[in-house]
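First comes the structure, then the notes that go with it.
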Amino acid sequence: MATAAIELKNITKTFGSVVANKNVCLTANRGEILSILGENGSGKTTLMNMISGIYFPDEGQIFIDGKEAVIASPKDAFDYKIGMIHQHFKLVNVFSAAENIVLGLEEEGRYDIKAASARITAICQQYGFELDPKKKIYTMSVSEKQTVEIIKVLYRGADILILDEPTAVLTPQETQRLFAVLRRMRDDGKSIIIITHKMHEVLSLSDRVAVLRKGEYVGTVKTAETSEAELTEMMVGKKISLNIHRSEPKDPKARLEVHHIDCSNREGALVLDDVSFTAYSGEILGIAGIAGSGQRELLEVIAGLQKSDSGAVLYHNPKTDNVDNLQNKTPLQIRELGVRLSFVPEDRLGMGLVGNMDIVDNMMLRSYRKGKGAFLERKAPKDLAEHIIEELEVVTPGATTPVRRLSGGNVQKVLVGREIAASPTVLMAAYPVRGLDINSSYTIYNLLNQQKEKGVAVIFVGEDLDVLLELCDRILVIGSGKVTGIVDGRTATKEQVGLLMTKTEGGEVHE
Amino acid sequence: MSNAVKKHHEPLIHITKRDDMIWWKAWLIRLAAVLLGLLVVGVISVLLTKGNFFETYSIMLRGAFGRLGSGSTRLLWKFLLETALLLCLSLALTPAFKMKFWNCGAEGQALIGGLAAAIVMMKLGDKLPYWVVILLIFAAGILAGAVWGIVPALFKAQYKTNETLFTLMMNYIAMQLVAYYAYVNAVPAGSGQIQSIANGHLPVIGGQPYLLTILLALILTGVMLVYLKYSKHGYEISVVGESQNTARYIGINVKKVIIRTMMISGALCGLAGCLMVAGIDHSVNPDTVGGLGFTAIMVAWLGQLNPLIIVLMSGLIVFLESGAAKVADTFYLNGSYADIVAGIVILFVVGCEFFIRYSIKFRHKEGKA
């Protein structure tokens, strides 16, 4: 067998106490497409950043064509003919495609945009791209911008191409076109590394698959010799027991019904596609999915922070037995309907709390409208702040400390404490234990369980499947904005959920 | 080789963020900064004028407050008036800045308020009872200022236009409108400017023509302090300023808060314009506000958007400018001298905040290689 185009040996990278990559070994050959598969936070992007010179590995070696290489900067990476296409494009909007492609190149002779355009057209013809070199970036679609990024690295002579989740922003048709181009490049002898977590893409496109899990290298398999089930198991691993307490739901009643919600983002792409489910009182409904599959949009639509295109969000009021439609109401209108909806958003200091305000003023966010007159009432929020500090053991110099000074776990306790203090009937929490240590995490699990036992409908968006499977009564799995399945938290297996997470377009592969 | 092990040197100075300093310590540092700034001013003045070091300060004091024991309080009143006007405009800008809305249009908002007041004085001054005219002057001035504030706010809220450029442009519109009005309605006719408007002068209280303005500025300080700190509106302004996402999340109507706050900001500028035109100048021209609207931007920030500190800063700036003008006069220096003096002291005042927020540690000598 010929020497590998690129070989990684025992690559380790740590950020503080977090191990992003540990002893990763990986090879990519000429003329093949290698997929890197892994959950969120499994270290895929960190690894690719080390190959493209953005990070430098703490330990380990990189070999290019059998010779050891030192890649300390993106420029070094270019010298080794490595080109990376990032998830977020790095293009100058007011420049044309050709100008962006030659930008930063130090070529001999005069700046000749015509010659560059001719070369770009030649590259396009060779691989079957469609691109007008004169077109300005700001008039381009997402797919065209991606084409510019790919040609940019080809123009620089790259023969090892790394693509970080290239299909996340593409329509199925554009994806097929991209894959056709990638296959042509492979046949031309280039090696292509593609980061993805869409299983059907892995199976239809790649020659081999390397799997990472929690920063560690699990193994590489030939696509032809593997199956979806085997890859999923490699990706999610065996189940670990966490011993999170879970009680049986008592007297569950439909509390929140979501019917056929469609929601599009600013670019007009559908981020929620016909989402329907029901959340019951006295249960924890988990929401699992790859990051960015529409979880945030779903919660924001329910909370009235984002408009949906169609559908309904029906709330069954336990006090009045009324059913209200919350769709496209503002948060204030929702509150005025008597809906006690609490929401712990993903972005704690950017949305749930105000970092520069103290704990008392942050308590007031929910309650400042109370009381007559134009003036604020600070007594009740102060009592609440002191109560939460004591009850949840928040480590803080005092109730008048700005929350940005607190550690992540304590910030979250303040936020969750405030949301629970509003005695909600529906409690939504997005990634409430992200970045928290074990003890704080268990405090949060206990708080959610207490709410469930009080008859609150809890919606928990999580990323750790082990936690979801032990905490939740039911788990809704979302993939690319669609509900791919709702499973029972007590009987479902990790593989089952993992398969649903990576299933898109009904799991069918259209060639 | 680029992967060679890099040796770490301990840097010579180490800057770390400190916890909150006790308030009186912070104020001692600020006071020291002002004194240090004045000291540098003194040294530079001596170099420029070849005069006596201490004489510079006494001329400065005399320029700002008048000769002590001379019995003349004219300059002292003038100092208080200028401080009050600067204070009014700075306070007007404070809520907008707290909301992170960069209102650079205090100049135009005050001028348009002054213009509205002048129009009422000229057109209705002799036709309606005195107190009705006075009320109309305030109503018209405040309304005109509010409109000048609302327009950029509407565009910001609706179309996310840049408020800095927008408010600056509105200044020019106000200036041109005033220039046009003064040309067409000149008093005496044909002179191209309004010399003095006969009717609708604001009442003089206690025999002091400036006292009304000064009292109003003081009342405004108290009102603004309470509004920002203890009212629901003030709380909404802080939340919108800190994070619009949080504001949306708790159901604050962000557009409404932006428009309402700019209405207040513009209205207060308009009020200041009224005071200048109907209370002091009894005339209006494009230079009526005289750049005070821009100085106010600096004062509001120097005062850390705290009305009480803004009072002190307004006084400091007016003292430096009038004191330095007197020094420049005495030694035949040109107008830049006053700017130099103000610049030096402000540099120290701003610079000292660094020492309040950060502590600096020097590397131990023995660590040196």
Side-chain angles (χ1 to χ4, degrees), chain A residues 53 56-58 61-62 68-73 75-76 299-300 303-306 329-336 341 343-345 347-357 361-362 364-378 381 397 400-402 404-405 415 418-419, chain B residues 1-6 8 16-23 95 97-100 157 159-160 222-258 260-261 263-264 304-306 356-358:
Chain A
F56 194 78
D58 297 340
Q61 294 150 298
I62 300 174
E68 186 170 356
V70 177
I71 307 171
S73 73
K75 199 182 164 300
D76 291 353
L299 296 196
E300 292 195 355
L305 294 172
Q306 213 171 103
K329 291 211 163 42
T330 65
L332 198 60
Q333 286 170 330
I334 291 175
R335 191 137 9 125
E336 279 162 358
L341 175 74
F343 179 24
V344 179
D347 187 358
R348 292 161 204 165
L349 287 176
M351 184 180 257
L353 301 165
V354 178
N356 279 331
M357 286 186 172
D361 280 12
N362 270 296
M364 217 153 56
L365 281 173
R366 276 275 180 231
S367 62
Y368 82 96
R369 287 189 191 85
K370 277 186 198 149
K372 283 188 212 115
F375 294 102
L376 295 168
E377 150 69 59
R378 272 200 174 83
T400 53
T401 306
R404 74 183 144 79
R405 293 260 178 83
L415 176 55
R418 185 191 72 203
E419 289 304 295
Chain B
M1 280 287 279
S2 45
N3 67 340
V5 184
K6 286 188 185 117
H8 286 281
T16 51
K17 205 158 176 154
R18 50 165 120 226
D19 294 340
D20 277 341
M21 198 181 247
I22 307 167
W23 64 272
F97 288 167
K98 202 142 204 171
M99 195 174 66
K100 304 247 161 80
Y159 307 109
K160 301 211 184 300
V223 170
M224 192 50 78
L225 190 71
V226 172
Y227 180 73
L228 289 176
K229 208 166 173 192
Y230 300 104
S231 82
K232 291 178 183 175
H233 283 189
Y235 183 73
E236 287 178 342
I237 290 171
S238 303
V239 176
V240 170
E242 289 288 346
S243 159
Q244 294 207 0
N245 259 336
T246 309
R248 286 192 322 122
Y249 160 80
I250 57 164
I252 291 177
N253 186 337
V254 175
K255 288 179 184 174
K256 191 174 120 190
V257 173
I258 290 177
R260 184 182 68 204
T261 307
M263 182 184 83
I264 292 171
Q304 301 174 11
L305 305 184
N306 176 336
I356 291 169
R357 281 176 205 170
Y358 298 90

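All chains are named by letter (A, B, ...) in the order of the sequence lines, taking the proteins before the strands, and each is independently numbered beginning at 1.
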What residue, out of A/Glu419, A/Glu377, A/Gln333, A/Glu300, has the most heavy-atom pairs lying under 4.5 Å from chain B?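 Highest number of heavy-atom pairs under 4.5 Å: A/Glu419.
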Using atom types as modelled and distance alone, determine if a side-chain donor or acceptor of A/Arg335 lies under 3.5 Å from a backbone N or O of B/Ile250.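 Indeed, once roles are kept as given, a pair shorter than 3.5 Å links the two residues.
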Quick check: does any side chain N or O of B/Tyr230 sit under 3.5 Å from a backbone N or O of A/Ala374, one acting as donor and the other as acceptor?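 No, because the side chain of B/Tyr230 does not come within donor-acceptor range (under 3.5 Å) of the backbone of A/Ala374.
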Taking atom NE2 of B/His233 and atom OH of A/Tyr368, what is their separation to the nearest 0.5 Å?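 One gets 8.5 Å once the value is rounded to the nearest 0.5 Å.
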Nearest heavy-atom pair of [X] and [Y]: which atoms, and what distance?
| X | Y | value |
| --- | --- | --- |
| A/Gly350 | B/Ser243 | O-OG, 2.9 Å |
| A/Lys370 | B/Lys232 | O-NZ, 3.4 Å |
| A/Leu353 | B/Thr246 | O-OG1, 3.3 Å |
| B/Val226 | A/Phe375 | CG1-CE2, 3.5 Å |
| A/Pro331 | B/Gly251 | CB-CA, 3.8 Å |

All salt bridge (Lys or Arg N to Asp or Glu O under 4.0 Å) counterparts of A/Arg404, not counting sequence neighbours: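 For A/Arg404, no residue satisfies salt bridge (Lys or Arg N to Asp or Glu O under 4.0 Å) once neighbours in sequence are set aside.
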With only heavy atoms counted, which part of B/Gln244 is less than 4.5 Å from chain A, the side chain, the backbone, both or neither?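 When you check distances to chain A, no heavy atom of B/Gln244 falls under 4.5 Å.
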Pick one of side chain, backbone, both or neither for [X], based on which atoms fall under 4.5 Å of a heavy atom in chain B.
| X | result |
| --- | --- |
| A/Ala303 | neither |
| A/Ile334 | neither |
| A/Lys329 | neither |
| A/Met357 | side chain |
| A/Arg378 | side chain |

Compare all side-chain heavy atoms of B/Ile252 with those of A/Arg369 and state whether any distance is below 4.5 angstrom.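 Sidechains of A/Arg369 and B/Ile252: in contact.
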